[in-house]
Amino acid sequence: MSERSERTMSSVDSATEAFVRHRNLLFTVAYEMLGSATDAEDALQETWLRWVGVELGTVRDERAYLVRIVTRQALDRLRALGRRKESYVGPWLPEPLLTAPDVADDVELADSVSMAMLLVLETLAPTERAVFVLREVFDLDYEEIAEAVGKSPATVRQIAHRARAHVAARRPRGTVSPAETRVVFQAFQRAVQTGDLQRLVDVLAPDVVALSDGGGVKHAFLRPVVGAGRVARLLANGWYQRDAERSVEPVQVNGGPGLLVRLNGEIDGVLTVRVENGQVTGLYHVRNPEKLSRVERETAVSR
């Protein structure tokens with residue numbers, strides 16, 4: 001092997017080591033920007049192709065450089081996703097992830113990948129979403145973010161302020177501990193499995209909102225279902241109730257408790273909830289088969 005070939009191999013090896021070292025972080029950045037694990041993986045693939053061609057000797061901070069690349073790739077995909085969502089059948093929900101139990105212990109990380117937060121992030125413009133994620137979740141400085149999104153640091157500060165206010169007005173009030181969430185979810189699960197209408201009404205907030213995503217492929221509600229009474233009746237009538245063909249398994253989804261629903265042994269859907277003030281305020285039911293590939297094995301997320 002020639003000396004030049006050996007240098008090339010060494011460079012690729014070094015690039016690979018750096019990429020693998022930061023891969024979970026890069027995936028989490030892309031996923032929080034896109035709400036889709038499939039699209040996040042595509043963004044990572046494009047990031048790798050660009051990273052392997054970089055002269056590593058010119059890179060001062062590998063983590064920042066890789067985050068900059070993946071952010072740009074995710075931004076391109078986010079704009080394309082927006083056009084696809086315009087023709088989506090029924091409510092669009094993020095692609096759920098089966099996560100490790102210890103993710104819930106990192107309250108900020110768990111909150112940032114929760115269904116509730118990802119839906120709030122959906123209300124931001126693409127650049128606002130990127131700035132918010134990089135600043136509030138990953139604590140990048142304004143200069144790093146400016147390089148990633150192609151804006152000046154002063155502009156990024158303004159965008160961050162606007163995005164922070166937008167999210168604060170729409171996110172849950174206060175922080176709910178993992179222990180409180182588990183208690184409420186266990187009460188909810190018992191009520192669902194027994195079909196006890198009164199227990200369901202008691203655990204659901206009066207203004208609870210249920211969203212169901214079938215993607216036009218599986219049966220789902222085309223509009224949000226609002227109110228404890230309406231949602232409780234749907235659940236009590238067997239929406240998730242056990243029977244000979246249906247099983248409900250508690251799992252950790254997007255950093256919090258969820259239910260994996262199987263029909264005749266096959267995965268049929270995933271249910272997660274949002275908890276506030278000791279009650280369930282949001283239900284998120286994903287049935288679109290294209291969004292269920294990440295609930296059979298754990299996906300690593302990190303900050």
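Keep in mind the model is a prediction, meaning the values are calculated, not measured.
Between D61 and E144 the shortest side-chain heavy-atom distance falls below 4.5 Å. The side-chain heavy atoms of M115 and P96, taken from C-beta on, include a pair separated by under 4.5 Å. In this structure, the side chains of T123 and H166 come closer than 4.5 Å at one or more pairs of heavy atoms. Two residues are said to be in side-chain contact when any heavy atoms from C-beta on lie closer than 4.5 Å; I267 and V295 meet this criterion. Looking only at side-chain heavy atoms (C-beta outward), F27 and T299 come within less than 4.5 Å of each other. You'll find the side chain of L118 reaches within 4.5 Å of the side chain of N254, heavy atoms only. Two residues are said to be in side-chain contact when any heavy atoms from C-beta on lie closer than 4.5 Å; L34 and L81 meet this criterion. Looking only at side-chain heavy atoms (C-beta outward), W92 and E122 come within less than 4.5 Å of each other.
Here the CG-CZ distance, from L211 to R274, works out to 10.5 Å after rounding to the nearest 0.5 Å. With rounding to the nearest 0.5 angstrom, the OG1 atom of T38 is 10.5 Å from the CZ atom of R77. Remark: E147 CD to S152 OG distance equals 12.5 Å, nearest 0.5 Å. The CG atom of D111 lies 10.0 Å from the CG atom of D106; values are rounded to the nearest 0.5 Å. In this structure, H219 NE2 and L222 CG are separated by 8.5 Å, a value rounded to the nearest 0.5 Å. Taken from OG1 in T272 to CG in L259, the straight-line distance is 9.5 Å, to the nearest 0.5 Å.
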Next on the checklist: Checking R135 against L140 for the side-chain contact (heavy atoms from CB on, under 4.5 Å) test, could you report, in this order, the C-alpha distance in whole Å, the side-chain angles of both residues, the deciding distance, and whether it holds?
Outcome noted: CA-CA 5 Å; R135 180 63 182 172; L140 268 64; over 6 Å; no
Next on the checklist: Checking E41 against R23 for the salt bridge (Lys or Arg N to Asp or Glu O under 4.0 Å) test, could you report, in this order, the C-alpha distance in whole Å, the side-chain angles of both residues, the deciding distance, and whether it holds?
Outcome noted: CA-CA 10 Å; E41 290 288 0; R23 191 188 188 284; 2.6 Å; yes
Item to check | Candidate pair F19 and W51, rule ring-ring contact (aromatic ring centres under 6.0 Å, His included), full reasoning | outcome: CA-CA 8 Å; F19 186 84; W51 171 245; 7.9 Å; no
Next on the checklist: Let's go through V253 and T99 carefully: what are the C-alpha distance in whole Å and the side-chain angles of both, what is the deciding distance for side-chain contact (heavy atoms from CB on, under 4.5 Å) to 0.1 Å, and is it a yes or a no?
Outcome noted: CA-CA 6 Å; V253 180; T99 51; 5.8 Å; no
Item to check | side-chain contact (heavy atoms from CB on, under 4.5 Å) between M33 and T71, intermediate numbers included | outcome: CA-CA 8 Å; M33 286 183 58; T71 298; 4.1 Å; yes
Item to check | Step-by-step salt bridge (Lys or Arg N to Asp or Glu O under 4.0 Å) determination, R262 to E266 | outcome: CA-CA 5 Å; R262 294 182 187 271; E266 300 293 326; over 6 Å; no
Next on the checklist: Working note: F221 + H285, criterion side-chain contact (heavy atoms from CB on, under 4.5 Å); need CA distance, chi angles, decisive distance, verdict.
Outcome noted: CA-CA 10 Å; F221 304 112; H285 182 209; 5.9 Å; no
Checklist entry - Run the side-chain hydrogen bond (donor to acceptor under 3.5 Å, both in side chains) check on E276 and T281 step by step: do they pass? => result CA-CA 6 Å; E276 295 176 78; T281 59; 2.9 Å; yes
Item to check | Candidate pair K218 and D268, rule salt bridge (Lys or Arg N to Asp or Glu O under 4.0 Å), full reasoning | outcome: CA-CA 9 Å; K218 290 288 191 77; D268 183 67; 3.4 Å; yes
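No path of Ile, Leu, Val, Met, Phe, Trp and Tyr side chains, each step under 4.5 Å between heavy atoms, connects L197 with V273, placing them in separate hydrophobic clusters. The hydrophobic cluster containing L93 does not contain V89, counting ILVMFWY residues as joined when their side-chain heavy atoms lie under 4.5 angstrom apart, directly or transitively. Residues I69 and V52 share a single hydrophobic cluster, defined by chaining ILVMFWY side chains whose heavy atoms lie under 4.5 Å apart.
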May I have the list of side-chain donor-acceptor pairs in residues 199-210 shorter than 3.5 Å, sequence neighbours left out?
unit_1	atom_1	unit_2	atom_2	d
D202	OD1	Q198	NE2	2.9

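Pairing each heavy atom of P101 with each of Q252, the nearest pair is CA-CG, 4.0 Å. When all heavy atoms are compared, the tightest approach of A30 to A74 is CA-CB, 4.4 Å. Considering every non-hydrogen atom in both A220 and S212, the closest pair reads CB-OG, 3.2 Å. Minimum interatomic distance between G215 and N288 (heavy atoms only, all atoms of both residues): CA-ND2, 3.6 Å. The minimum heavy-atom distance linking P94 with V286 is given by the pair O-CG2, 4.0 Å. The two residues P178 and V107 make their nearest non-hydrogen contact at CD-CG2, 4.2 Å.
Residues R129 and E32 are not paired through a salt bridge, judged by the lack of any N-O separation under 4.0 Å between the basic side chain and the carboxylate.
Because its NZ or CZ atom is not both nearer than 6.0 Å to the ring centre of F132 and within 45° of the ring axis, R164 does not count as a cation-pi partner of that residue.
Under the side chain to side chain contact (heavy atoms under 4.5 Å, CB included) criterion, Q158 pairs with no residue, sequence neighbours left out. Under the side chain to side chain donor-acceptor pair (under 3.5 Å) criterion, R162 pairs with E128, sequence neighbours left out. Residues satisfying the side chain to side chain donor-acceptor pair (under 3.5 Å) test with Q45, not counting sequence neighbours, are none. Partners of R182 according to the side chain to side chain donor-acceptor pair (under 3.5 Å) rule, which considers only residues two or more places apart in sequence or in another chain, do not exist here. Under the side chain to side chain donor-acceptor pair (under 3.5 Å) criterion, S36 pairs with D39, E95, sequence neighbours left out.
D213 and Y88 share a donor-acceptor pair across their side chains, judged by distance under 3.5 Å alone.
Here the side chain of T28 pairs no donor or acceptor atom with the backbone of R303 at under 3.5 angstrom.
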